[in-house]
Amino acid sequence: MIPTAGIRGQEEQEKRATSSLLAVMRAVPEFGHALLKELGAPRSPAIETFAEVRFKDGAGKLVIPDGAVVCRRGQKTWTCLVEVKTAGAPLKDEQVGCYLDIARDNGFDGVLTISNQITASSSESPVAVDGRKLRRTALWHFSWWRVLTEAIVQHRYRGISDPDQAWILGELIAYLDSAASGAGGFEDMGDKWVAVRKAARDGTLRQNDPEARAVAERWEEFTQYLCLGMSQDLGRSVTSPRPRKQTTAARLDESVKQLAAEGSLTAVLRVPDAVGDLRIRADLRARRTLASVTFDAPREGRAKSRITWLLRQLADAPDDLRVEAAFPSARETTSALLSDAREQPEKLLYGADPKREPRAFTITLARAMGQKRGKEAGSFVRETRAQTFDVYRDIVQRLKAWQPKAPKLHGPGADDVPDAPSPEPPRFEDADVREVGDAPDPVS
């Protein structure tokens, strides 16, 4: 049983977090609109916010959602209720379902929930409600980590036009970043992590084990935590791509299957304009974490010159990187440590046909996996996050995709002009008479 003082402390923390966020959304419309635009809210001149709004449900019982937001533009009015949780408090299915009924009965567009539970998008919710409640009323979700990311990106990269508003948004960032707010990011891999890690290493983990799904769910949250963390530092939206029609449940099933069969978890991070996707693979059996990027090899030049092109880009990269080359119409690849490839580039040539040009390269950095559950030094979360950022900073962002050279115009007197004219050649003026690209004078 939770002590009454603990419940009151949690409620007070949630009230402060709610009032702080709603006040800043109202005071800094640029931030509010950036946060609400994907929910369908119009870009209104002002955002109206209200804390602890009061309603009565169908049975006449008083119901008090944490807040409400109203956006008006022209003839359109958009409204939503807000329910907030902080620290480790989860959202409650029954409570959110009740708020959906209130929203429907009072003509609200939807209900927005905010908690430390991280989802891939605002349309995915950590709560389970009767689907019939969503026929006319939407349910959206933001993690506090997502809210903080949006605030940082708006403040640091997009900018705030009014200096006073910029200061207010900076205060919200400082508040959400403090432990007192209860608005954290991703804390740990859950209480099933150690048992699942051991079972995967021993080969005893099975697909129907509930512990495996619990870890897969935490891994999904961790993936989104990494995406949002990189977005904060890059000022660009980093995503984890997936098949267009794949549901969250199907994605979790896929992760559980891979975890049981291979003892590993994988994530893909897509950074706009990067040379390739950043792939993270946690190998629980080998207790290693691998971060890699795959990208196309040049489409011209001999095989060895294409490999040299790659090695020049990796001049300052760590020696323990593994470089792999893939070849067209071949399942076999070649690989070598970067230190060896620098001394003997031919190790990356295709053994059966050294003249066969490589099709793509994969660069991988492997490190020992963090073992601890939390976020302290030596933990899985902290070490994997550091490895992800290191690989992007030291390797991926420095790599440039190959581009073909622009075709060149031949100057007057070029060596490749044929000696004998072709039959009835067209008449051209000398270069000093006609600009390149101009039509020749008509033949008189």
Side-chain angles (χ1 to χ4, degrees), residues 10 13-14 16-18 20-22 24-25 28 31-32 34-39 66-67 82-91 112-127 139-158 169-190 216-240 242 248 251 267-271 278 280 373-376 379-386 388-389 392:
Q10 178 74 31
Q13 187 182 66
E14 289 171 359
R16 287 195 300 270
T18 304
S20 297
L21 175 60
L22 294 178
V24 174
M25 289 175 64
V28 190
F31 163 66
L35 199 60
L36 299 174
K37 64 181 179 181
E38 70 179 73
L39 309 187
D66 290 318
V82 180
E83 171 61 12
V84 170
K85 297 295 182 184
T86 57
L91 293 160
L112 170 63
T113 60
I114 304 174
S115 73
N116 283 329
Q117 297 159 281
I118 306 175
T119 58
S121 69
S122 60
S123 60
E124 295 185 9
S125 175
V127 300
L139 176 61
W140 306 290
H141 177 74
F142 286 150
S143 66
W144 280 113
W145 191 239
R146 165 71 188 278
V147 173
L148 177 59
T149 298
E150 197 66 53
I152 290 174
V153 172
Q154 185 69 48
H155 188 273
R156 184 183 299 170
Y157 299 100
R158 301 193 195 112
L169 185 57
E171 289 296 295
L172 176 68
I173 293 171
Y175 170 69
L176 295 180
D177 198 37
S178 68
S181 70
F186 184 84
E187 297 302 324
D188 57 48
M189 289 297 291
E217 289 173 351
R218 297 299 290 173
W219 175 257
E220 175 65 19
E221 283 197 59
F222 181 54
T223 300
Q224 300 306 320
Y225 167 74
L226 290 175
C227 288
L228 292 170
M230 292 193 73
S231 297
Q232 291 178 14
D233 280 6
L234 298 174
R236 302 287 297 278
S237 179
V238 179
T239 59
S240 180
R242 64 183 183 185
T248 302
R251 187 168 68 257
V268 177
L269 278 60
R270 179 164 295 170
V271 180
L278 181 57
I280 311 299
R373 169 186 159 185
K375 292 176 67 176
E376 67 274 13
S379 68
F380 174 79
V381 171
R382 183 166 178 173
E383 298 301 321
T384 303
R385 184 183 188 278
T388 301
F389 277 66
Y392 183 81

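- A centroid separation of 6.0 Å or more is found between the aromatic rings of W145 and F186.
- Minimum interatomic distance between R218 and G190 (heavy atoms only, all atoms of both residues): NE-N, 3.9 Å.
- For R382, there are no salt bridge (Lys or Arg N to Asp or Glu O under 4.0 Å) partners, not counting sequence neighbours.
- Remark: of the listed residues L172, V147, L35, L172 is the sole one forming a side chain to side chain contact (heavy atoms under 4.5 Å, CB included) with V24.
- Between the side chain of S122 and the backbone N or O of E38, no donor-acceptor pair lies under 3.5 Å.
- Taking CZ of R385 as the start and OH of Y225 as the end, the distance is 4.5 Å to the nearest 0.5 Å.
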Practice task
Run the numbers on F389 and D233 for side-chain contact (heavy atoms from CB on, under 4.5 Å), then give the verdict.
Solution key: CA-CA 10 Å; F389 277 66; D233 280 6; 3.4 Å; yes

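- In this structure, K85 pairs ionically with E83, as a charged nitrogen and a carboxylate oxygen lie closer than 4.0 Å.
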Exercise for the section: Check step by step if side-chain contact (heavy atoms from CB on, under 4.5 Å) holds for L278 and V268. Expected result: CA-CA 6 Å; L278 181 57; V268 177; over 6 Å; no

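- Between the side chains of Q224 and T119, no donor N or O sits under 3.5 Å from an acceptor N or O.
- In this view, E217 and R213, L252 satisfy the side-chain contact (heavy atoms from CB on, under 4.5 Å) rule, not counting sequence neighbours.
- A 4.5 Å side-chain heavy-atom check between S143 and Q117 finds every atom pair outside the cut-off.
- In this structure, OG in S379 is found 10.5 Å from CD in E187, a value given to the nearest 0.5 Å.
- Using a 4.5 Å cut-off on side-chain heavy atoms (C-beta onward), L139 and V127 make contact.
- Two residues are said to be in side-chain contact when any heavy atoms from C-beta on lie closer than 4.5 Å; L148 and W144 fail this criterion.
- In the model, E150 has no side-chain atom that pairs as donor or acceptor with a side-chain atom of Q154 under 3.5 Å.
- For the pair S181 (side chain) and S178 (backbone), a donor-acceptor distance under 3.5 Å is present.
- Of all heavy-atom pairs spanning V238 and C227, the tightest one is O-CB, 3.4 Å.
- Between the side chains of E124 and T248, at least one donor N or O sits under 3.5 Å from an acceptor N or O.
- Separating the OG1 atom in T18 from the CD atom in Q13 is a distance of 10.0 Å, to the nearest 0.5 Å.
- Under a 3.5 Å cut-off, the side chain of R146 and the backbone N or O of I118 do not form any donor-acceptor pair.
- Residues H141 and S125 have side chains that never bring a donor and an acceptor to within less than 3.5 angstrom of each other.
- Minimum interatomic distance between R158 and A34 (heavy atoms only, all atoms of both residues): NH1-CB, 3.7 Å.
- The minimum heavy-atom distance between A180 and R16, with the atom names listed, is O-NH2, 4.4 Å.
- Panel note: side chain N116, backbone G88; no donor-acceptor pair is recorded below 3.5 Å.
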Exercise for the section: Please lay out, stage by stage, how S237 and T239 fare under the test side-chain contact (heavy atoms from CB on, under 4.5 Å). Expected result: CA-CA 6 Å; S237 179; T239 59; 3.9 Å; yes

Problem - side-chain contact (heavy atoms from CB on, under 4.5 Å) evaluation trace for V381 with M189 - result: CA-CA 7 Å; V381 171; M189 289 297 291; 4.2 Å; yes

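- The distance from the OG atom of S121 to the CZ atom of F142 is 10.0 Å, given to the nearest 0.5 Å.
- I173 CD1 to I152 CD1: the interatomic distance, rounded to the nearest 0.5 Å, is 5.5 Å.
- Between the side chain of S231 and the main chain of R236, a donor-acceptor pair closer than 3.5 Å is present.
- Put simply, CD1 on I280 and OG1 on T388 are 3.5 Å apart, with the number rounded to the nearest 0.5 Å.
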